Peer 1: 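Structure below; questions to follow.
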Amino acid sequence: MGNGREFFDKIASQWDSTRAVDSKKIDELVEMIGLEPGFSVLDAGSGTGVLLPFIKKSIGSAGKIAAVDFSANMLAKAEEKYGSLGGITFAVADIMEFVPENGVFDAVLCFNFFPHIKEKQRFMTHMRSQLRKGGFLVIMHDISRQQVNAIHEDSKAVKNDRLAPGETVSRWLTTAGYQVTQIIDDEDRYFVKAVKS
Ligand SMILES: C[S@@+](CC[C@H](N)C(=O)[O-])C[C@H]1O[C@@H](n2cnc3c(N)ncnc32)[C@H](O)[C@@H]1O
């Protein structure tokens with residue numbers, strides 16, 4: 001199974017033409033997160049920045065976003081498309097090493113990203129240290145868990161990157177010191193929200 005970063009670098013140029021964006025569904029997911037104007041948000045595994053305009057709409061011009069991805073090619077697309085929105089920092093980094101230069105986040109969002117994390121418990125702990133007290137981590141997908149796993153099953157590079165049931169992820173989050181406030185794991189989306197208590 002090659003290096004995940006190389007895989008995403010290779011597919012970056014086709015990502016936006018192969019990835020269907022259902023704006024209404026993403027709007028609904030972002031609405032559920034509960035972002036507020038002025039929030040500082042980490043978009044973990046930002047890719048080509050699909051989520052960025054949706055976050056920006058919620059947090060407004062006073063808000064700040066850190067778009068982090070270890071694939072330089074994916075993130076270059078994001079910056080090309082949304083750099084002009086303002087208030088977004090683009091950082092090519094492994095999320096496991098990423099520490100913001102100033103302060104902590106109000107929210108960490110993992111959109112179609114969490115299955116690619118190898119050390120899930122360490123990731124949750126690391127992200128918790130980047131959140132303010134009362135801040136939250138959201139793990140979400142705009143397709144079902146079954147669809148995510150079927151897509152990954154078909155790809156040699158991400159074959160083992162599985163999305164666990166919401167209840168299982170919720171237990172991991174509780175162990176890592178979060179309070180889980182919402183779990184949706186149904187036939188067309190996946191959404192787990194956990195607060196740093
Ligand atoms: C399936 S794509 C999703 C991109 C975007 N969030 C979306 O929904 O279109 C997953 C992204 O996570 C990035 N990624 C995977 N593991 C990472 C890691 N350890 N650190 C930073 N980025 C990572 C990949 O480069 C890729 O761009």
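Along the sequence shown, residues carry numbers from 1. As the structure is a computational prediction, the values presented were derived from the model and not from experiment.
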Peer 1: Within a strict 4.5 Å, meaning less than it, do heavy atoms of the Glu31 and Leu29 side chains meet?
Peer 2: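 SC-SC contact between Glu31 and Leu29 ruled out.
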Peer 1: Any donor and acceptor pair, going by atom type alone, linking the side chain of Asp43 with main-chain N or O of Ala67 inside 3.5 Å?
Peer 2: no
Peer 1: Quick check for you: to the nearest 0.5 Å, what is the distance between Ser46 atom OG and Ile95 atom CD1?
Peer 2: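 Spacing of OG (Ser46) from CD1 (Ile95) equals 9.5 Å.
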Peer 1: Atom NE2 of His116 and atom CG of Asn112: how far apart are they, to the nearest 0.5 Å?
Peer 2: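 Separation between the atoms: 8.0 Å.
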Peer 1: Donor-acceptor check, side chain of Lys56 to backbone of Gly86, threshold 3.5 angstrom: yes or no?
Peer 2: yes
Peer 1: With His141 as reference, evaluate Phe111, Phe191, Tyr190, Phe113 under the side-chain contact (heavy atoms from CB on, under 4.5 Å) test and give the passing residue.
Peer 2: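 Going through Phe111, Phe191, Tyr190, Phe113 one by one, the side-chain contact (heavy atoms from CB on, under 4.5 Å) with His141 is satisfied by Tyr190 alone.
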Peer 1: On a heavy-atom basis, which atom in Phe90 and which in Tyr82 lie closest, and how many Å separate them?
Peer 2: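 For Phe90 and Tyr82, the tightest heavy-atom pair comes out as CZ-C, 4.3 Å.
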Peer 1: Do the side chains of Met32 and Lys193 get nearer than 4.5 Å, heavy atoms only?
Peer 2: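 When only atoms from C-beta onward are counted, Met32 and Lys193 do not touch, as no gap falls below 4.5 Å.
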Peer 1: How many angstroms lie between CG in Leu163 and CD in Gln147, if you round to the nearest 0.5 Å?
Peer 2: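 Between Leu163 CG and Gln147 CD, I get 11.5 Å after rounding to 0.5 Å.
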Peer 1: How close do Pro100 and Gln130 get, counting heavy atoms only, and between which atoms?
Peer 2: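 Taking every non-hydrogen atom into account, CD-OE1, 2.8 Å.
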Peer 1: Can you list the steps and then say if Tyr178 with Phe136 is a side chain to side chain contact (heavy atoms under 4.5 Å, CB included)?
Peer 2: CA-CA 8 Å; Tyr178 295 84; Phe136 41 82; over 6 Å; no
Peer 1: For the backbone of Ile151 and the side chain of Ser155, can you confirm whether one donor and one acceptor N or O come within less than 3.5 Å of each other?
Peer 2: no
Peer 1: Identify whether Val68 and Met127 are in the same connected component of the hydrophobic contact network (ILVMFWY, side-chain heavy atoms under 4.5 Å).
Peer 2: yes
Peer 1: To the nearest 0.5 Å, tell me how far Glu79 CD sits from Leu85 CG.
Peer 2: 11.5 Å
Peer 1: Determine whether Met96 and Phe7 fall in the same hydrophobic cluster, where Ile, Leu, Val, Met, Phe, Trp and Tyr are linked whenever their side-chain heavy atoms lie under 4.5 Å apart.
Peer 2: no
Peer 1: For a quick test of reading the model, state the closest non-hydrogen atom pair linking Lys196 to Arg132 and the distance between them.
Peer 2: CD-O, 3.5 Å
Peer 1: Output, in order, the C-alpha distance, side-chain angles, deciding distance and verdict of side chain to side chain contact (heavy atoms under 4.5 Å, CB included) for Ile65 and Ile59.
Peer 2: CA-CA 9 Å; Ile65 307 172; Ile59 64 174; 3.5 Å; yes
Peer 1: Closer than 3.5 angstrom, by distance alone: can the side chain of Thr174 be matched with the main-chain N or O of Ser170 as a donor-acceptor pair?
Peer 2: yes
Peer 1: Apply the test side chain to side chain contact (heavy atoms under 4.5 Å, CB included) to residues Lys159 and His152: give CA-CA distance (whole Å), side-chain angles for both, the deciding distance (0.1 Å), then the verdict.
Peer 2: CA-CA 5 Å; Lys159 205 178 187 56; His152 291 182; over 6 Å; no
Peer 1: If we ignore hydrogens and angles and just use 3.5 Å, is the side chain of Arg162 paired with the main-chain N or O of Pro115 as donor and acceptor?
Peer 2: no
Peer 1: Between Asp161 and Lys118, does any side-chain N to carboxylate O distance fall below 4.0 Å?
Peer 2: yes
Peer 1: Will you find, in the side chains of Ser40 and Asp106, an N or O donor that is under 3.5 Å from an N or O acceptor?
Peer 2: no
Peer 1: Using the side-chain contact (heavy atoms from CB on, under 4.5 Å) definition, which of the options Ile117, Leu137, Val138, Leu42 pairs with Cys110?
Peer 2: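 Considering Ile117, Leu137, Val138, Leu42, a side-chain contact (heavy atoms from CB on, under 4.5 Å) with Cys110 is found only for Leu137.
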Peer 1: Are the charged groups of Lys57 and Asp27 less than 4.0 angstrom apart, N to O?
Peer 2: yes
Peer 1: Are more than 12 heavy atoms, taken from residues, nucleotides or ligands other than Glu28, located less than 6.0 Å from that residue's CD atom?
Peer 2: yes
Peer 1: What's the separation between atom CG in Asn73 and atom OG1 in Thr48, rounded to the nearest 0.5 Å?
Peer 2: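 Taking CG in Asn73 and OG1 in Thr48, the distance rounds to 11.5 Å.
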Peer 1: Could you tell me whether Asp16 and Lys81 make a salt bridge, using a distance below 4.0 angstrom between a side-chain N and a carboxylate O?
Peer 2: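 Judged by the 4.0 Å cut-off on N to carboxylate O distance, Asp16 and Lys81 do form a salt bridge.
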Peer 1: Would you mind reporting whether Arg19 and Val50 have side-chain heavy atoms less than 4.5 Å apart?
Peer 2: yes
Peer 1: With the side chain counted from C-beta on, respond yes when Phe105 and Phe39 share a heavy-atom pair under 4.5 Å apart, and no when they do not.
Peer 2: no
Peer 1: Would you check if the side chain of Asp69 reaches a backbone N or O of Gly47 as a donor-acceptor pair within less than 3.5 Å?
Peer 2: yes
Peer 1: As an exercise, state the distance from NE2 of His126 to CG of Leu131, rounded to the nearest 0.5 Å.
Peer 2: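 Here the rounded value is 10.5 Å.
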Peer 1: Does Gln179 have more than 12 heavy atoms from other residues, nucleotides or ligands lying within 6.0 Å of its CD?
Peer 2: no
Peer 1: Quick check against the 3.5 Å criterion: does Asp185 have a side-chain atom that pairs as donor or acceptor with the backbone of Pro165?
Peer 2: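 The answer is no, because no donor-acceptor pair under 3.5 Å joins these two groups.
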Peer 1: So, do Arg5 and Asp94 sit near enough that their side-chain heavy atoms are less than 4.5 Å apart?
Peer 2: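 Contact flag for Arg5/Asp94 side chains = no.
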Peer 1: Does the distance from a Lys or Arg side-chain N to an Asp or Glu carboxylate O, for Asp142 and Lys25, drop under 4.0 Å?
Peer 2: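 Lys25 and Asp142: not salt-bridged.
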Peer 1: Taking all non-hydrogen atoms of both residues, which atom of Ser129 and which atom of Val104 are closest, and how far apart?
Peer 2: O-CG1, 4.3 Å
Peer 1: If you look at every heavy atom in Ala164 and Trp172, which pair is closest and at what distance?
Peer 2: CB-CH2, 3.7 Å
Peer 1: Mark yes or no: Lys120 above the aromatic ring of Phe114, with NZ or CZ under 6.0 Å from the six-membered ring centre and no more than 45 degrees from the axis.
Peer 2: yes
Peer 1: Are Ile143 and Asp188 side-chain neighbours, meaning at least one heavy-atom pair lies under 4.5 Å?
Peer 2: no
Peer 1: Could you verify whether a donor N or O on one side chain and an acceptor N or O on the other, from Ser17 and Gln14, lie under 3.5 Å apart?
Peer 2: no
Peer 1: Might you confirm whether atom NZ of Lys10 has over 12 heavy atoms from other residues, nucleotides or ligands at distances under 6.0 Å?
Peer 2: no
Peer 1: How close do Val92 and Ala72 get, counting heavy atoms only, and between which atoms?
Peer 2: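 Heavy atoms of Val92 and Ala72 come nearest at CG2-CA, 4.0 Å.
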Peer 1: Start with the C-alpha gap between Ile55 and Val30, add the side-chain angles, then the distance that decides, and say whether side chain to side chain contact (heavy atoms under 4.5 Å, CB included) holds.
Peer 2: CA-CA 7 Å; Ile55 302 172; Val30 172; 5.5 Å; no
Peer 1: So, do Thr175 and Met124 sit near enough that their side-chain heavy atoms are less than 4.5 Å apart?
Peer 2: no
Peer 1: Contact between Ile26 and Met140 at the side-chain level, heavy atoms closer than 4.5 Å - yes or no?
Peer 2: no
Peer 1: Are Arg171 and Glu167 ion-paired here, with the side-chain N under 4.0 Å from a carboxylate O?
Peer 2: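 Judged by the 4.0 Å cut-off on N to carboxylate O distance, Arg171 and Glu167 do not form a salt bridge.
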Peer 1: Val21 and Leu75: same hydrophobic cluster, using ILVMFWY side-chain contacts below 4.5 Å?
Peer 2: yes
